[in-house]
Amino acid sequence: MLIGIDDTDSPQGMCTTYLGAVLARRLIREHMQVKEARLVRLNPNVTWKTRGNAAIALHAEGNADRAFEIACATVEELADFSCGNTNPGLVVTGEQPDPAFYRRAVKDFCEIDDAIRVLDDSGARYRGWKNGRGLIGATAAVASDLPDRTSEILVYRKPERWGTPRNVDCQSLFDAERATFPHTWDTVDVINDVVVCVPHTPDPVLFGIRGESPAWVMHARQMIRSEPPGIEQIWVTNQGTDAHLLPGKAGHLHELLSYTVPGNVTSVPGTHAGGHVSFIMKDGDFPVRCMAYEPTKNFRHIVRQLLPGDEVIAVGSFKKGSINLEKIKVVSLGEAETVRPPLCTVCKKRMTSDGKGKGWKCKKCGARAAEPEVREISRVLAPGWYEVPPTARRHLARPLCRGLSE
Ligand code: ATP
């Protein structure tokens with residue numbers, strides 16, 4: 001059977017993955033077998049999410065009625081019902097629902113009624129609490145197919161420590177990254193000297209290590225020194241797979257969906273208040289703004305080097321009319337040159353225009369020139385892929401260290 005759960009946490013605490021890890025242990029205690037624990041991230045632009053729009057699914061063997069009972073009791077015991085925005089959903093099904101529902105939930109938006117239709121079609125047991133919105137994520141989790149998958153080990157805190165400052169040895173995190181990158185990623189951000197894998201929210205997670213396989217995340221995890229941990233769970237995930245991306249075309253993008261969009265840069269990138277960088281690119285007649293926000297740190301230095309005529313592929317979510325860049329491919333550099341009035345060969349002063357199509361004239365000696373000074377700009381930027389740093393990476397974004405997705 002597949003057991004899906006979502007929407008059990010609040011900004012004040014809890015985490016659906018923790019609830020799933022506790023449930024797995026309770027099922028095992030009842031002599032059920034848990035064959036896989038799965039963590040899926042869904043459309044990152046869903047505004048009613050608490051944090052990273054995660055949902056979980058357990059693949060288990062045993063009595064489905066009993067599993068449903070235990071799962072209901074676990075949700076009722078652990079979900080943060082006090083929060084107005086917490087609307088848990090639970091699904092237990094012997095038959096996997098159509099994976100098309102998962103693909104829509106990760107790339108687009110779904111309604112609760114759509115989830116209920118899919119669940120009824122596959123004869124699932126299900127229960128929604130409060131407005132039942134969690135049924136969307138719970139259904140997507142059990143419907144998920146992961147052609148590309150990664151691992152994450154989540155180490156949880158002992159309940160008596162929840163809400164207190166976390167104690168994880170920083171140096172051991174940097175050492176683990178050095179020893180296991182690129183097979184693990186986003187434990188720390190080396191360039192910005194920031195720890196990424198330890199949350200700051202009051203939830204039960206102590207730290208999480210992401211990587212390409214259970215063996216690699218476990219290898220890194222064993223290097224980390226911390227406060228005495230509680231339970232630990234290795235999850236199979238769609239994190240770092242770009243599962244949220246749709247092929248897109250400028251002029252045909254929908255708000256709050258995420259795309260890969262080709263285009264030609266048509267404006268010199270500008271830096272705005274707050275350090276956000278933007279430029280316009282066009283595909284045919286359709287312009288679209290691309291944004292590299294301040295938290296993307298050094299990625300903005302790359303974006304600032306773009307010039308009109310550069311051919312790019314922009315990757316990110318389309319929000320308020322802009323693509324919020326997660327990464328960018330510089331396909332080719334345009335011919336960049338500066339055109340200025342020529343220097344007078346006699347006075348060495350810059351000439352002034354003598355009117356449109358009339359050439360240039362030296363104000364001092366009256367000498368004339370027909371052609372402007374054209375200089376090729378030498379470019380430091382090289383064609384290739386560039387990405388935001390680990391501190392700014394979205395859960396679903398595929399890091400370049402995993403190889404190129406084309
Ligand atoms: P949690 O740890 O509780 O899962 P979270 O940050 O993952 O926290 P949720 O609290 O689960 O966010 O809130 C997300 C809500 O949005 C859930 O009710 C989920 O069912 C719903 N949801 C997820 N994806 C979609 C989608 N594509 N369309 C509509 N609703 C969605």
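Whatever order the structure lists ligands and atoms in, that order sets their numbers, starting from 1. Residue numbers count from 1 along this sequence.
To the nearest 0.5 Å, the span separating CG on Leu154 from CD1 on Ile56 amounts to 11.5 Å.
Between the side chain of Thr150 and the main chain of Gln239, a donor-acceptor pair closer than 3.5 Å is present. Under the 3.5 Å distance criterion, the side-chain polar atoms of Ser226 are left unmatched by any main-chain donor or acceptor of Asn167.
The aromatic rings of Tyr18 and Tyr156 sit perpendicular, their planes meeting at an angle over 60°, well past the 30° parallel limit.
Of the candidates Arg394, Arg398, Arg393, Arg394 is the only one forming a side chain to side chain donor-acceptor pair (under 3.5 Å) with Glu326. With Glu227 as the fixed residue, the side chain to side chain donor-acceptor pair (under 3.5 Å) test singles out one of Arg157, Arg166, Lys158: Arg157.
Within 4.0 Å of ligand 1, counting heavy atoms only, the contacting residues are Asp6, Asp7, Thr8, Asp9, Thr16, Leu42, Asn43, Val46, Trp48, Lys49, Thr50, Arg51, Gly52, Asn53, Ala54, Ala105, Asp108, Phe109, Cys110, Arg133, Gly134, Ile136, Gly137.
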